[in-house]
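Since the structure comes first, as structure tokens, the remarks are kept for the end.
In what follows, chains carry the letters A, B, and so on, assigned in the order in which the sequence lines appear, proteins first and then strands, with residues in each chain numbered from 1.
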Amino acid sequence: MQTAITPTRADNFPEWYQQVIKAADLAENSDVRGCMIIKPWGWGIWENVQRQLDAMFKATGHVNAYFPLFIPLSFLEKEAEHVEGFAKECAVVTHHRLEAKDGKLVPAGELNEPLVVRPTSETIIGAAYARWVQSYRDLPVLINQWANVVRWEMRPRLFLRTAEFLWQEGHTAHETMEEALVETEKMLGVYEKFAREHLALPVFTGEKSESERFPGAVSTLCIEAMVQDRKAIQAGTSHFLGQNFSRASGIEFATRDGGKEFAWTTSWGVSTRLIGTLIMAHSDDDGLVLPPRVAPSQIVILPVLAKEESRAAVLQAAGELAAALRVQSAFGEPIRVEIDRRDAGGGVKNWEWIKKGVPLRVEIGPRDLEKGVVAVSRRDRGPKEKEFPASGDFVATAGALLEAIQAGLLERATAFRDEHTRVIETGEEFRAFFTPKNAAQPEIHGGFALAHWDGTAETEEMIKEELKVTIRCIPRDANPEPGVCPFSGRPSARRVVFAKSY
RNA sequence: CGGGCUGUGGCUCAGCUUGGUAGAGCGCUGCGUUCGGGACGCAGAGGCCGUGGGUUCAAAUCCCACCAGCCCGACCA
């Protein structure tokens with residue numbers, strides 16, 4: 001059977017991913033290595049992610065602000081582990097002027113202190129908080145910013161790992177450790193909920209091991225999703241920073257009893273990587289599949305313009321249908337509808353929208369007009385499947401239909417994840433699970449392994465060396481099951497989630 | 001930053017081994033036939049063959065240097 005995307009997922013997963021992005025017109029590589037151009041359809045997804053997440057941040061008491069792109073080099077030096085973590089991938093601005101020389105522009109006007117393009121903003125925000133926070137009465141500070149950051153990556157991949165990417169970073173400062181811990185958990189909860197309810201992604205939540213922790217954090221919580229090649233992808237992180245950064249930046253306040261204490265801070269973020277995760281989790285061999293909640297357009301109307309004599313009537317009916325749908329709602333928002341009036345072949349247009357992943361396609365032609373019906377195709381079904389509800393019925397149920405598609409995607413992704421999540425007891429089982437059965441096409445294999453771990457960095461490192469498998473997260477069950485580490489034979493407090501990862 | 005490969009119309013690539021007038025498919029433009037399913041015919045536009053140097057009567061083709069990109073490693077949201 002011919003598929004819209006070649007190669008298929010099974011044939012070559014990484015190449016399939018690139019082709020889906022291209023076919024859906026989401027983004028492309030730019031003239032600057034590692035930096036992508038996000039095209040309107042891809043940007044539309046990000047806008048929805050932003051708007052919906054932002055509402056959740058506001059609902060949990062946060063406000064937005066904006067901090068500079070440039071960070072003085074000296075700021076980055078303040079937190080030792082932080083420096084070590086990010087120094088290798090920083091873009092540095094050293095000049096502030098260009099001069100023409102032999103027909104070329106050369107940098108001139110060297111800066112006294114080089115500026116680092118933010119890889120993250122803990123240090124510069126910390127410096128501001130140090131000024132803003134004088135008393136316990138000034139706490140908590142609950143600020144988020146939507147921004148771009150730069151991490152000079154050697155091997156970029158669209159959305160998953162780009163030198164410049166877009167994200168939000170929340171930075172909070174609290175009076176007590178407990179309060180900061182609650183905040184860290186709360187935002188992890190927001191991410192988990194957003195992933196599940198908006199992106200239809202079931203995620204594991206837990207804590208990172210020391211080796212995977214954010215540089216400078218006391219602990220890092222994360223959400224980990226599984227995509228269709230069964231690899232794990234870190235989709236969001238929430239860090240408890242203790243007093244590390246407040247000490248480095250001097251965020252000190254007068255306590256209730258007249259003493260002095262450093263504030264307890266957190267930071268948390270999700271990035272455009274969510275879009276890459278979304279693509280790899282839901283899409284199929286005919287292209288992108290979008291959860292309705294974040295689809296830029298949820299319904300596309302495709303007027304059948306084949307015959308000149310019916311053209312005007314069909315276009316008018318399409319316009320009326322769109323207007324009727326736009327006053328309906330799905331997920332508590334007005335339904336997003338667009339009409340594709342282009343005078344191209346019906347098949348071509350239809351396939352374009354399949355590849356773009358629009359949840360519902362509605363064809364309306366002269367025969368439908370006579371019968372008062374519309375031809376509805378769902379992206380989560382086969383490309384040729386159509387239903388013919390009465391136009392009015394479709395309008396009335398469209399919101400519910402979108403919600404059902406959203407629920408179906410979550411169900412499908414959850415079933416997939418569960419199918420490829422295994423409780424593993426022995427080292428042999430573990431190795432078998434993570435060894436490709438087909439060495440020629442090793443992309444798709446394995447999954448999540450729930451196995452015991454002795455808690456040492458040595459064991460973790462050994463597994464990473466041998467199998468390229470890492471601990472994705474340490475779940476925080478209320479009643480962890482103790483056991484024996486299959487790699488070292490030492491006791492283990494709990495099972496952890498192992499997987500190959502992006 | 002190591003190891004391998006590749007730079008030729010907008011895109012994907014052939015041509016290079018054996019030097020001799022720049023090619024194909026897709027896309028694009030126009031006209032026509034189609035069109036409730038990823039259509040077809042005809043006509044057309046579009047290229048200092050990555051950059052610089054060398055060899056030669058003659059270089060996309062051979063040689064040298066440089067630049068850029070891709071893949072595989074190390075690193076990472």
Original post:
For nucleotides 71-77 of chain B, read 5' to 3', which letter fits each nucleotide if B means a protein heavy atom sits under 4.0 Å from the base, S means only the sugar-phosphate is that close, and - means neither?
Top reply: -SSBBBB

Find every protein N or O atom lying less than 3.5 Å from an N or O atom of nucleotides 26-34 of chain B, and list the pairs.
none

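In summary, A:R196 and A:E192 engage in a salt bridge, as defined by a charged side-chain N under 4.0 Å from a carboxylate O. Between A:D284 and A:R9 there is no salt bridge, since no side-chain N of the basic residue sits under 4.0 Å from a carboxylate O of the acidic one. Of the charged side-chain nitrogens involved, at least one lies within less than 4.0 Å of a carboxylate oxygen, so that A:E212 and A:R472 count as a salt-bridged pair. Salt bridge A:R476/A:E185: present, at least one basic N to carboxylate O contact under 4.0 Å. The pair A:R361-A:D340 fails the salt-bridge criterion, with no side-chain N (NZ, NE, NH1 or NH2) lying under 4.0 Å from an Asp/Glu carboxylate O. With respect to the salt-bridge test (charged N to carboxylate O, under 4.0 angstrom), the residues A:K39 and A:E28 qualify.
For A:D368 and B:G36, a side-chain-to-base donor-acceptor distance below 3.5 Å is present, hydrogens and geometry of angles not being considered.
The side-chain tip of A:R417 points at the ring of A:F204 from less than 6.0 angstrom away and within 45° of straight on.
With rounding to whole Å, A:N29 atom CG is found 7 Å from B:C70 atom P.
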Original post:
What dot-bracket string describes RNA chain B from 5' to 3', counting Watson-Crick and G-U wobble pairs whose defining distances are under 3.5 Å, with [ ] for crossing pairs and | for pairs to another strand?
Top reply: (((((((..((((......[..)))).((((((.....)))))).....(((((..]....))))))))))))....

